[in-house]
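Counting starts at 1 for both ligands and their atoms, following the listed order.
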Amino acid sequence: MSADTAYMASIWQQALVHMKKAFIKPLFETWIKSTIPLSINDNVIEIGTPKQFVKEWLESRYVPVIKAALKAAANKDFEIIFINMDIEMEGTEEAPLPEPEDDIEVTDNPDTANSPPAKDKPTLTQQAVHQDTGTDINNIDFLKYLDDIGDIPEAAAALSSAATLPSPAPKNNTLPEKRPAKTQPPSITPADDCILNPKYVFSTFVIGNSNRLAHAASLAVSEAPAQVYNPFFIYGGVGLGKTHLMHAIGHRIKENNPNMKVVYISSEKFTNELINSIISGNPESFRQRYRNIDVLLVDDIQFLSKKEHTQEEFFHTFNTLHEANKQIIISSDRPPREIQTLEDRLRSRFEWGLITDIQAPDLETRIAVLRKKAMLENLNVPNEVFVYIASRIENNIRELEGAFIRVIAYASLNNQPIDIDLATEALKDIFPNGRPKQITTDLIQEIVAAHFKIKLEDLSAKKRTRNVAYPRQIAMYLCRELTETSLPKIGEIFGGRDHTTVIHAHDKISRERNMDAKLNNTIKELIKRIES
Ligand SMILES: Nc1ncnc2c1ncn2[C@@H]1O[C@H](COP(=O)(O)OP(=O)(O)OP(=O)(O)O)[C@@H](O)[C@H]1O
C-alpha cells in the first residue's frame, strides 16, 4: 500500500465513523456504506459509487455532510468527485468500521432523538446538573441553552462530548473546554458558506395550482431582495417544495448579485451553531456571522418552537437584519399563528411581510414532477408509469420522488427498461394493490359522457354545440394526460379530427383549469372515477 493510499484509507475510515453518527442507520447503510475512496490528491478526493443513481443521490443531497466528515477526519476542506463504478451492490465486501468512540453519544434512532423529553425523564439541564461532568455547569450562557437542544441529535452529541471532558475542570474555567477537532461531530462545524443544492433551482421546479403563488412570490423576492416582501414566509406540508424554493431564491440572488452574502440554514442548524459558539466560548462570532449578511434563509422555523433562548437570539438577528434592510426568508410546516410557543413578538415580525402557502399538488402536477425528473435524468419512461406512481402518492413530493427513484434503481440493478410491469414489481411493497387498472380512451369517453349526460357517440360526432364540444375537449384533455395515446390517434378516436385540434383542446382546458375552480373540481372528480 503506498503512503497516499494508506492516508486516503485512513481518512475515509475516520470520515465513515463520523458519518455513521451523522446519518440514521438505514441512510448510512443504503447510500454511504457502499462507497469506496479511489484517490486523493491535495484537497480533492475521488469516491467511487456502485451505481449512477447512488452517485447522483450523494451529489444532490449529502455533499455537505460528507465534506464535514472529511474535514473532521483530516482537518482540512476537501472537494469531492464521485465516480460511478457500475459494480454489483450485493456482496460488496467492506472493511469493518471502527466502532464510534465511547465518549460520544450516538443517536441512531431519529424517533427517539426527536421525541420531546418524557414527563418523568430529566431534561438535559437536569441531567447536566446531576452529572459530574468536569465542566462548569454554572456557566449561565451554556446552561440556558441546554434544554433548547434536547431534540437535536448533533447538538446533543456535541453537548455529550463537551460534558464528558476529563474532570476535574480548572477552577476558574467558566466555559467547557473545546474538544480537539478530531472528535467534534462534523455537523456542528459552523458553515462558512451558503450551501445550496445545485438541483434546487427555479428551472427544475414544476409549477402547478398548488404552488403557483409561492413560486411567483419567490421569483419576485429573488429578483428584488428586500424590496418587495420582507420577510417572506412560505409554509406547507412535508415534502412539498419549500426547501426547493428557498434554495432557488438563494441561487437566483447569487446569480444576480454575486457579491451578496446569502446564508441558508435550517433552524436546527441555527440552534446548533449557537450552542456550538457558546461551547467554544465565542458567542460573539455567531452574532457577527448572522448579522452581517444580505439574505438570510431559515428553513423549518417551526423547530424553534419551545426553544425560548434560541428564539430570543433569532429575534435579535431578525431585527438587526430587517432594520438594515436585508432580506429574510423563512419556511415552516404551518403558518406563524399555528406555531405553538412561538413568542408573540417573533410571530408578529413574521406577519410583517408576505405569508404564502404551498398546497398538496394535484395529479397533473405530480405527473409533471415525475416527467421532469425523468427528463433531467435522461430516462425514457412511459406515461402510464408516471400515472401509476402519481395517482398513488398524493401529499408528498419527496415520497413521490422516492417511489420513482426506487423504480429507477430497480431497473438499473436488473438492467431492464422501465415499464409498467417493472414499476409494479419494484413498488409492490409500497403499493400492495399491484398492477394498476388499465386506463383506456374508451373508459375516459364513457365516464365523461356519463358525467355530462350526453351520448357516447356525440364525442366523436361532428356536432360543435357547446354542450357537446366542451365535454369533448375535456375528454381529449384527459386522454392526453392519462394515457399513452398519441395526438393523431386521439384525434382519430374523436371522430377523425386533426391532431392540432387535440393540442388546442388540451391547452385550452389546462389554461382554464388554472382559472376556474369549478372546472378544476370537475376534472379531479372525473380522474377519481377513471382511476377507481
Ligand atoms: N414543484 C416541484 N417541482 C419539482 N420538484 C419538487 C417540487 N416540489 C418539491 N419537489 C421535490 O420534492 C423534494 C422535497 O421537497 P422539499 O425538500 O423542498 O420539501 P419541503 O417542503 O422543504 O419539505 P420538509 O417540510 O420536509 O422540509 C425535493 O427533492 C424537491 O426537489
Taking only residues two or more places apart in sequence or in another chain, which ones pass side chain to side chain contact (heavy atoms under 4.5 Å, CB included) with Ala390? Leu363, Arg366, Ile367, Leu370, Leu400
Determine whether the aromatic ring centres of residues His215 and Phe202 are separated by less than 6.0 angstrom. yes
Which residues share a side-chain hydrogen bond (donor to acceptor under 3.5 Å, both in side chains) with Arg337, sequence neighbours left out: none
Backbone of Gly208 reached by a side-chain donor or acceptor of Asn211 within 3.5 Å: yes
Would Lys55 and Glu46 pass as an ion pair if we require N to O under 4.0 Å? no
Name all residues meeting the salt bridge (charged side-chain N to carboxylate O under 4.0 Å, His left out) criterion together with Arg345; count only those two or more places apart in sequence or in a different chain, and write none if there are none. Glu343
Name the residues in contact with ligand 1, where contact means a heavy atom under 4.0 Å away: which are they? Arg61, Tyr200, Thr204, Phe205, Val206, Asn211, Gly237, Val238, Gly239, Leu240, Gly241, Lys242, Thr243, His244, Asp300, Val369, Ile397, Arg398, Glu401
